[in-house]
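Remember, it's a predicted structure, so these values are computed and weren't measured experimentally. We count ligands from 1, going down the list as the structure has it; atoms in each ligand are counted the same way.
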Amino acid sequence: MAVKAYNPIEHRFDVVVIGAGGAGLRAALAACAQGASVAVLSKVPPTRSHTVAAQGGINAALGNRGADNWRWHMYDTVRGSDWLGDQDAIAFMCRHAPEAIRELEAMGVPFTRDEGGSIYQRAYGGQSTDYGKGGLAYRACAAADRTGHAMLHTLYQQSLKSGARFFIEFVALDLLWDKEGACAGVLAWELATGDLHCFRSRQLILATGGFGQVFASTTASSICTGDGGAMILRSGLPLQDMEFIQFHPTGLYGTGVLITEGARGEGGILVNGLGERFMKRYAPQYMDLASRDVISRAVEQEIREGRGCGPNKDHVLLRLDHLDASVISEKLPSIRDIARTFAGIDVSISPIPVLPSVHYTMGGVPTTAQSEVITQAGVVPGLLAIGEAACNSVHGANRLGCNSLLDLVVFGKAAGERAGAHAGQGHAMLEAETLDKALAHFDTLRMSQGDATPASLRRQMQSVMQHHAGITRDEPSLMNGLRLLDKLWNQKLSSLNVRDKGLLWNNDLIEAIELDNLLRQAVATVASALHRTESRGAHMRTDHPLRDDAAWLRHTLFSMNDKGRFKLDTRAVRMEPGQDARSFAPETRKY
Ligand code: FUM
């Protein structure tokens, strides 16, 4: 069998972390602090992980600009999630947020300071005080508009000091298992040498990020190809809530580059082609700081009803020209630069043309509030998932801005500590067949001899997703999308062409691997969206416009075999928040 020729190099670690963004690095740090031997695999140099692109901030009820309380933060997060978030995980995240910020500060994250020298906090969408009855909360701790960049660099420096071993430009291919179904490690491909590596672990942490690249217009970088989620599906395990795709209301028109919500937090306003502040019709109280799903739908409706801007009336405008020059230079310097570089615009004079762009994938690998991967049958031993790859589920049907960086560090630390506690306890026995299966999958992609390039199939998939699984959906369009994806799946099986058969820096093969990963999750998104016959958070079914708690206060579970056949199931939302917190029953969601 050809796969025998690969002969992977063996490694053994207590903890293997896949992904070196904010979540993976925070986990590695915590596991090292427990005395564990830790390997971190990353397909890009860690400082190029997608966390670097996070702009506006990280939430914590520090109360530096008025009273705040982690329970108010919890309420906002539950409401933002349209009650689909698991309340034990949300309580854990919000309670631990202030401590997480203090730790980042002590590590050296260069947060912007207010006049009194405290960490600067800005207002963000959907963040309130007093359980929605008070005014806006100023909860997003910011390092200008480069918060993710500041955090990622600090966390990387700290992890280098901690003794974690980095395996950079290693592509994770598939999870490896023992006979009892415990995760036993991962097979990876080293781009610089062409070698394959078999990493054996006692505990493996998936921190591989989201799958925003299934869409054509996205703020997600090209590396966001859902590699962890695809490995889960290929292992026969389910993904959760894949229908919930967050559109950020302000992607730069034409490129989709992120224009931070922090711009609206600093006083920026959205206007339509008539110069109206249209958000007053959709969210009279919060206006431009309503949650992202609400604003994205409003923008879509303004355009659909002919009130868009420009010759084609196909976008809206973000105005910053009324803001003080010092606000732009101190709080929004990257937005000033992005507008100038990508659109030739001086934000102090002209508005920025914007359009919703895919920003975050709420769905992912289902976990407990302790980040253990779960299936309908219970916890999967030896496997944890964190960050955007995971669905734990703190974001439910819609994530609030600045809860993502928080999710990374709070659950990163907890998962690292949990995994690190198993240090020195030996390894599971690898089942040889799982390694053979992983090698065979890699080899099949590599040896593909058809006539369709991975890039052309990826473009077609992105177009299908953009047209059939966008901000609003309905049954005919989703059915059509699923049919088109099925066609692409069969094309991938029968006519994929990887021209370069080499193993050194083979971009063609990387693209084929990523295409396989993305296609599985495109199908998961559309099939789950078709299954959920209600509207909730970011999932808007025009043929089922209301939220239906009686039938759908449940998570969707999607699994799929290698022939492309899939299965859908559901599981209950965890409504019990655990010690010291109260549960929030579903309410009508208004902003
Ligand atoms: O708009 C932003 O700055 C994005 C923040 C986030 O998604 O958390």
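- Shown in contact with H359 at under 4.0 Å from a heavy atom are these atoms of ligand 1, numbered in order with element: 4 (C), 6 (C), 7 (O).
- By the 3.5 Å distance cut-off applied to N or O atoms, G56 is counted among the residues near ligand 1.
- In the vicinity of G401, heavy-atom distances shorter than 4.0 Å reach the ligand 1 atoms 8 (O).
- Exactly one of L104, L155, I58 qualifies for a side-chain contact (heavy atoms from CB on, under 4.5 Å) with V109. That residue is L104.
- Cation-pi contact between R113 and Y120: absent, since separation from the ring centre below 6.0 Å together with deviation from the ring axis within 45° is not met.
- Partner M575 forms a side-chain contact (heavy atoms from CB on, under 4.5 Å) with one of D86, V78, L553 and no other, that one being L553.
- At a heavy-atom distance under 4.0 Å, no atom of Q246 approaches ligand 1.
- Backbone and side-chain nitrogen or oxygen atoms of N403 are examined, and none is located within less than 3.5 angstrom of a nitrogen or oxygen of ligand 1.
- Using cut-offs of 30° and 60° on the angle between ring planes, the pair F244 and H539 is perpendicular.
- Residue G262 places no N or O, backbone or side chain, under 3.5 Å from any N or O of ligand 1.
- Less than 4.0 angstrom separates some heavy atom of Y124 from each of these atoms of ligand 1: 1 (O), 2 (C), 3 (O).
- Here OG of S291 is found 7.0 Å from CD1 of I295. Values are rounded to the nearest 0.5 Å.
- In this pair, Y131 and W72 present their aromatic rings perpendicular. The plane angle is above 60°, beyond the 30 to 60° band.
- Once rounded to the nearest 0.5 Å, the distance linking NE2 of H315 with OG1 of T250 reads 13.5 Å.
- For atom 3 (O) of ligand 1, the nearest non-hydrogen atom of the protein is T260 OG1, 2.5 Å.
- Y75 contributes atom OH, which lies 15.5 Å from atom CH2 of W70 (distance to the nearest 0.5 angstrom).
- Note: an N/O pair closer than 3.5 Å links E261 and ligand 1 by distance alone.
- The H248 neighbourhood of ligand 1 comprises atoms 1 (O), 2 (C), with distances under 4.0 Å to a heavy atom of that residue.
- Atom 6 (C) of ligand 1 has as its closest protein heavy atom R292 NH2, 3.2 Å.
- Nearest non-hydrogen protein atom to atom 8 (O) of ligand 1 is C402 N, 2.7 Å.
- Aromatic ring orientation, F92 versus H96: tilted (interplanar angle from 30° to 60°).
- Checked against a 3.5 angstrom limit, the closest N/O atoms of R399 and ligand 1 fall inside it.
- Heavy-atom distances between Y360 and ligand 1 stay at or above 4.0 Å for every pair.
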